[in-house]
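First comes the structure, then the notes that go with it.
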Amino acid sequence: MARAALKWGVRDLASRANITAATVTRIEAGRPGYTATLDAIRFAFEAAGIEFIPENGGGAGVRFSKPRD
């Protein structure tokens with residue numbers, strides 16, 4: 001959902017998270033990833049202005065926030 005909100009392709013996210021496109025594809029397919037890899041993905045999204053919203057009765061989600069510099 002975060003990647004779609006930013007209009008990023010798999011390669012865009014991979015580049016920004018410093019991982020391979022194959023790794024992004026595997027994780028998006030539901031396969032497990034290393035904690036450091038998942039943290040890199042989260043940081044890349046947060047740096048681009050995505051805020052992750054925890055489950056609060058309406059479901060987990062994402063929204064835009066101010067991008068980090």
Next item on the list: Have a look at T37 and tell me which of I19, V24, T20 forms a side-chain contact (heavy atoms from CB on, under 4.5 Å) with it.
Entry: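 Considering I19, V24, T20, a side-chain contact (heavy atoms from CB on, under 4.5 Å) with T37 is found only for I19.
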Note to self: For the backbone of A44 and the side chain of R16, can you confirm whether one donor and one acceptor N or O come within less than 3.5 Å of each other?
What the structure shows: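 Answer holds: no.
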Notebook entry, point to check: Do D12 side-chain atoms and G9 backbone N/O form a donor-acceptor pair below 3.5 Å?
Noted result: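 Yes; judged by distance alone, with no hydrogens or angles, the pair exists.
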Next item on the list: Check the hydrophobic clustering (I, L, V, M, F, W, Y; side-chain heavy atoms under 4.5 Å; chains of links allowed) and say if I41 and Y34 are grouped together.
Entry: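 No, I41 and Y34 fall in different hydrophobic clusters.
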With rounding to the nearest 0.5 angstrom, report the [atom1] to [atom2] distance, [X] to [Y].
X	Y	atom1	atom2	answer
I50	W8	CD1	CH2	8.0 Å
T23	E28	OG1	CD	11.0 Å
L13	N18	CG	CG	11.5 Å
I27	R31	CD1	CZ	11.0 Å

Determine the minimum heavy-atom distance between [X] and [Y], stating which atoms define it.
X	Y	value
A14	A21	CB-N, 3.6 Å
F52	R42	CE1-CG, 3.9 Å
A48	L6	CB-CD1, 3.8 Å

